[in-house]
Structures are given as structure tokens and as C-alpha cells.
A.B. asks: 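Attaching a single structure in C-alpha cells format; questions to follow.
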Amino acid sequence: MCAGSAGLGFSFLTSVMVTRLLGLFAALVAADYLTAHRGLSECLSAGEDSEYHQWYQSRAKEEVREEMKWVWSMYREKAMGADSILPEEGMPYDDWGGFSLFLVESLDTLHLMGFHDWFKEAAKYTQKRAYYRRNVNVNVMEMTIRLLGGLVSAYEREPNAALLRRCVELGDRLALAFGMRGVLPYTDLNFATGEAQALRNLTGLSEMGTLSLEFRKLSQLSGNQTYAKLVETVEHFLLVKLYEGGGLLKYEYDPYENEFVGRKCVGAREDSYYEYLYKVWLSTGKEKDIYHKMYKFSKDAILNTLLEVSTAGDMYLKEIQDNGDDANILEHLACFYPGLLALENIIEGYNQTQEKIAMGLTRTCISLYEKSLKHLAPDLVAFPNNYKLLMPKEYASYHLRPETVESIFYLYRLTKDQTLMDSAYSIFSALKRYAKAEFGYSALRNVNVNSEDASPFLNSQPSYFPAETLKYLFLTFGEEELLRLDREVITTEGHVLRMERS
Ligand code: DMJ
């Protein structure tokens, strides 16, 4: 039961708060933290006292910061400079070509959270060796959003000439990938030889359309317009295709047939293209009107074609198969989309219908967490015959993904709905409880087996965990001044970049 009311005096409120906080503390250490948290949520949504919310948020923010501190300390001690740390063994692991991926992806999160000495040390580390002439094949989009995005955002936080040289060196290698059909980027590139190819002779829409923010930023920082021109040509090509395709494209491009093939969705291999349409417009000072128009065009197509409400009442974004049939599934990856709708509302003003859709979609994504045994989301769920949410066994793994907390972050900024804050805290608590291995956080084999499972971990801590998942949690609980959405734009990989005319 929630005691107190908005009209009560400060001292009474304070004593209620203290009593409640002590109760909360006891509840949190008790086994069923989630149930305890529900009680807290009821009190919070009664809107009794903003002091309580503030305290609650700043404590949660500090807890997330502590987890980043632990994650970074483990990596720094056991695997400094490697692409990853194996979270079960504490061993370094170069699974991305040996480009210090985890280090680069952590840079702006370290800075944002106030770990400035670690930021400086890590930024210096990126200058140690010439990473980019290694004889390895890399995925061009992943290297762009993770490595180039991480480096340019770090440079904006603390500019120095050596770091900029590193950004340019990387940009020059990545630029070698352009040339498929004269203008498009190949998906894969060998950094040493410069040989580029499209694996399976197909390229994902997001692999072509998610290079823009990073390449444009590199041009802005270096003064060399080459990088921006490369992506602009690709953007123009895609805008025409998008127009011809009615605002929603199939997810893979066949350069030989010059056509898009496969399913339509906002999940894997499509997702971030639609996101970058909006964010390019935003980050370039809202002047490129065509990007804005085409983002809206694509949004209408996505909502008209993919938006679904199951008969049990769950709102989600389904997929359309190549043959035109519905696939009533929801990928966790697609959970970023309501956040994008919320961002649009933040930037452009109140749109009640859009807010309702964003909230409905986010609630379903949150329910993926709530309904699993470990309170962490499987990678994909199904709604057979568009009825009840089902969690197929073969997709029950959890990969420390950020998309749901990303949407919670934007939606909370938009609505200040405290239940979103509760959901973020529940997800964070479940992460600590189930996904924390000895030397780092780990992806999980199956979210629907209990904690006595002998080998719950997949022994992998993806670099987007510090770049996105922890960052979005921190920002959700943090003050708005930490990141101004009217001045900064967050890339698809969670890296924070300044808008051009901010
Ligand atoms: C991240 O690497 C990026 O968010 C990307 O755009 C797609 N999703 C993964 C994490 O799930």
C-alpha cells in the first residue's frame, strides 16, 4: 500500500521515504526482487514525491556506473587491447580481426560516465599500433558503426591530432570498399590487400545505408569531403530505390539483378537504414529535406505494412516474407523502432497517435523480458496465428542486446512515465542476476531455463554491451544534461556525435 500524498509536509514525506527505502533495500536483497519492484512501481506511479524519484534514479544511475566500472576493470586487467574478453575465463580474445574493438566501443561510455583517466589511457592505446593494415577480412558496416563510430565520438569528446590521424587511417581503409556497381560498398573488405566482395553476392540494406553518420562526421572533422561524398552517392541510390519500393524495401540487394530480394522487416539487415534516414537529416542541421520526407514516407509504409496487434493485445512489428506472406514474428533487433518514433516526437513535437504506438511497441518488447524465466529477452518471439506470444526454443538465447533499453530511454525522455524507469531497472537487475559471469557479462544460452542450469553462458560479451546497453541504462536514469537530444545524435551503435550546427 502507498502511504502519503502530494500535499503532505516535507518531514513526513522524508520519513515515509526513509521507511520505504529501507523496505526497498530489504526487498531487493530478497530472492524475488522483481515482485518487490512491482510494489515500488505502484508507489511511484501514484506520483507522490519527485524527491523519491530523483533519489531512486540517481541510485540506479550510480549502480549502472558501478557495473561499467567493473566491466572495464576486468577488461583492462585481463584483456587490454583485445577485441573482447572471454567473460567466463577472463582471457583476451581477438574475434574481430584484432582491432581492440571492445576498447574503442567503450571510449565514449567511459567519458560520459566520468571515467576520464581510463578514457585517456584507452584513447592513447588506440594510437599504439597501425591496426588497419592487417591481413584480415572485415565487415564494412560493422567496422564503420563500431570502430569508426567509436573513434570519431571519442575524438569529439577530447580532440587530439593522433586520434584524428587514426580515424582518417581507418576511413581511408574503409573507403576501399566502395565501387560495387560503381558506387555501392561491398560488404566485406580485406584491410591489407584492399580486396572487396559482397558475400553470397548479396548485400543487406543496412550494410549500405548505415555508414552515413560516421563517414559524414569524418569529413567534418578532417575537412576532407571525400568520405561524405562516398556515402552521399549511396544515399541517393537508396532514396530512389526506396521511392520505387513504396517506402519499405526487401532486406537484401542483388547487385547482378539490380533488385532487392527477401523479406521486409525492421530487424536484421534492414533496421538501421530507416534510422539513419532520420538521423542524417537531424545531424546535418535539418537542412536535407529529402531525407526527412523519405523517413516519413518509410515510417508510413512500415506502420501500414508491418504494425500488428495480436488477438491477445500485443502490439508488434511483424515481417513480410519474400512471397508476400505474413511472418508473425518479432526480432529483438526490431525493438529499436519505437525509440526512433519517440525521438521524432521529441524533436518535432507532440503526436498522440505516434506516442501511443511507440508505447505499445515498447511495452511488448518489455514483455519479452518479463515473460521469460530469467527476465531477459529471447532473440526472437512468435505470435502463431497472430495469437499469444510464444518463445521458440531455438531462439531462446539472450545476447545482451540494447534495443529495448534504447527505446525505453527515448520514450522516458518523451513521456517521463515512471513505469518505464521501473522496467529499465528490472532489466538491469535481471542482467546482474543472470548474465554476470566471473570476468564480465555474458550472452546466455537460454532465457527459459532456471538458474541451476550448469552452463548458462555463451562466454561472449559483445562490444555493444558497453557502447549501448550500459550506456542507455545510464542515460535513462541520468539527468537530461548528460546528453542533449537537441544537440547530439546517437548512432545505431550507441556512439554520441554532435549535430553539425548545434
Ligand atoms: C548493434 O551492433 C547495433 O545496434 C546494430 O545497429 C544492430 N544491433 C546490434 C546490437 O543488437
Side-chain angles (χ1 to χ4, degrees), residues 25 28-34 59-96 98-107 109-110 113 115 117-119 121-122 125 146 150 332 369 372-379 396-402 404-405 424-474 477 494:
F25 180 71
L28 284 174
V29 290
D32 199 354
Y33 69 94
L34 207 64
R59 194 194 75 151
K61 178 187 149 201
E62 202 41 49
E63 284 180 20
V64 176
R65 191 173 177 274
E66 280 302 309
E67 290 313 296
M68 180 64 194
K69 189 173 172 184
W70 179 76
V71 163
W72 182 257
S73 307
M74 285 295 159
Y75 171 80
R76 183 174 177 266
E77 186 190 324
K78 308 270 180 196
M80 187 71 170
D83 285 338
S84 318
I85 179 172
L86 294 175
E88 287 190 272
E89 285 113 31
M91 298 291 289
Y93 186 43
D94 279 337
D95 49 345
W96 284 80
F99 298 106
S100 303
L101 196 76
F102 195 87
L103 181 146
V104 174
E105 286 250 73
S106 299
L107 283 170
T109 303
L110 287 173
M113 292 187 181
F115 297 117
D117 289 347
W118 278 345
F119 171 88
E121 180 189 51
Y125 201 97
R146 296 184 191 224
H332 188 282
Y369 287 78
S372 87
L373 214 61
K374 290 183 176 163
H375 307 298
L376 292 168
D379 223 29
S397 52
Y398 170 64
H399 296 275
L400 305 177
R401 288 197 193 281
T404 299
V405 287
Y425 194 79
S426 295
I427 292 171
F428 175 58
S429 303
L431 268 166
K432 283 205 286 185
R433 180 166 172 174
Y434 292 109
K436 201 167 174 176
E438 201 175 339
F439 302 99
Y441 278 79
S442 175
L444 295 173
R445 219 171 278 286
N446 191 331
V447 294
N448 281 317
V449 293
N450 67 31
S451 51
E452 280 83 55
D453 180 11
S455 58
F457 299 123
L458 286 168
N459 204 16
S460 127
Q461 180 178 243
S463 59
Y464 55 70
F465 182 64
E468 294 192 78
T469 313
L470 287 177
K471 187 186 281 140
Y472 282 120
L473 284 167
F474 182 75
F477 300 129

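One-based numbering along the sequence shown.
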A.B. asks: Would you say the side chain of V64 lies within less than 4.5 Å of the side chain of F428, judging by non-hydrogen atoms?
C.D. replies: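 They are in contact (side-chain heavy atoms under 4.5 Å apart), so the answer is yes.
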A.B. asks: Using side chain to side chain contact (heavy atoms under 4.5 Å, CB included) as the criterion, point out the one residue from R445, E88, E438 that pairs with F457.
C.D. replies: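 For F457, the side chain to side chain contact (heavy atoms under 4.5 Å, CB included) check succeeds only for E88.
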A.B. asks: Indicate yes or no: at least one non-hydrogen side-chain atom of W118 is less than 4.5 angstrom from one of M113.
C.D. replies: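 Side chain of W118 against side chain of M113, heavy atoms only: no contact under 4.5 Å found.
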A.B. asks: Using the test side chain to side chain contact (heavy atoms under 4.5 Å, CB included), find all partners of D95 that sit at least two apart in sequence or belong to another chain.
C.D. replies: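 Result, side chain to side chain contact (heavy atoms under 4.5 Å, CB included) vs D95: D83, S84, Y93.
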A.B. asks: Side-chain contact test, heavy atoms from C-beta onward, threshold under 4.5 Å: evaluate it for Y369 versus S426 and give yes or no.
C.D. replies: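 Not touching, per the 4.5 Å side-chain cut-off.
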A.B. asks: Kindly assign one of parallel, tilted or perpendicular to the pair Y434 and H375, based on the angle between their ring planes and the thresholds 30° and 60°.
C.D. replies: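 If you compare the ring of Y434 with that of H375, the planes turn out tilted.
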A.B. asks: Looking only at heavy atoms, which two atoms of F102 and P462 are closest? And how far apart?
C.D. replies: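 Taking every non-hydrogen atom into account, CE1-O, 4.1 Å.
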A.B. asks: Within the structure provided, determine whether Y464 and R401 are in side-chain contact (heavy-atom separation under 4.5 Å).
C.D. replies: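 When only atoms from C-beta onward are counted, R401 and Y464 do touch, with a gap below 4.5 Å.
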A.B. asks: Does anything in residues 68-78 form a side-chain hydrogen bond (donor to acceptor under 3.5 Å, both in side chains)? List the pairs, not counting sequence neighbours.
C.D. replies: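 Of all non-adjacent pairs touching residues 68-78, those that pass side-chain hydrogen bond (donor to acceptor under 3.5 Å, both in side chains) are R76-E121.
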A.B. asks: Could you tell me which residues satisfy side chain to side chain contact (heavy atoms under 4.5 Å, CB included) with A467, sequence neighbours excluded, listed by chain and number?
C.D. replies: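 Side chain to side chain contact (heavy atoms under 4.5 Å, CB included) check on A467 returns E105, H495.
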A.B. asks: What I want to find out is whether R65 reaches E62 closely enough, with some N-O distance under 4.0 Å, to be called a salt bridge.
C.D. replies: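 Salt bridge: yes.
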A.B. asks: Listed by chain and number, what are the salt bridge (charged side-chain N to carboxylate O under 4.0 Å, His left out) partners of E89, not counting sequence neighbours?
C.D. replies: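 E89 satisfies salt bridge (charged side-chain N to carboxylate O under 4.0 Å, His left out) with no other residue.
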A.B. asks: Nearest heavy-atom pair of G81 and Y125: which atoms, and what distance?
C.D. replies: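 What the structure gives for the nearest pair is CA-CE2, 3.4 Å.
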A.B. asks: Taking C-beta and beyond as the side chain, do L400 and L431 meet within less than 4.5 Å on heavy atoms?
C.D. replies: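 Touching, per the 4.5 Å side-chain cut-off.
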A.B. asks: Taking the side chain as every heavy atom from C-beta outward, state whether I85 and P92 have any pair of such atoms under 4.5 Å apart.
C.D. replies: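 No, side chains not in contact.
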A.B. asks: Would you please name every residue forming a ring pair (Phe, Tyr, Trp, His ring centres under 6.0 Å) with F119, sequence neighbours left out?
C.D. replies: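 Applying ring pair (Phe, Tyr, Trp, His ring centres under 6.0 Å) to F119 gives H111.
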A.B. asks: Does any part of the side chain of L103, heavy atoms only, come nearer than 4.5 Å to the side chain of M80, both counted from C-beta?
C.D. replies: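 The answer is yes; the side chains approach within 4.5 Å.
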A.B. asks: Could you give the distance from CD (E63) to CG (L473), rounded to the nearest 0.5 Å?
C.D. replies: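 The distance works out to 11.0 Å.
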A.B. asks: Tell me the closest heavy-atom pair linking S106 and M68, and the distance in Å.
C.D. replies: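 Scanning both residues, the minimum pair turns out to be CB-CE, 4.0 Å.
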A.B. asks: Do the side chains of Q461 and F439 get nearer than 4.5 Å, heavy atoms only?
C.D. replies: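 F439 vs Q461: side chains apart.
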A.B. asks: Between K374 and N446, what is the shortest heavy-atom contact and its length?
C.D. replies: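 K374 and N446 have their closest heavy atoms at NZ-O, 3.4 Å.
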A.B. asks: So, using side-chain hydrogen bond (donor to acceptor under 3.5 Å, both in side chains) as the criterion, who are the partners of E67 when residues are at least two apart?
C.D. replies: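 Scan of E67 (side-chain hydrogen bond (donor to acceptor under 3.5 Å, both in side chains), adjacent residues dropped) gives K436, Y441.
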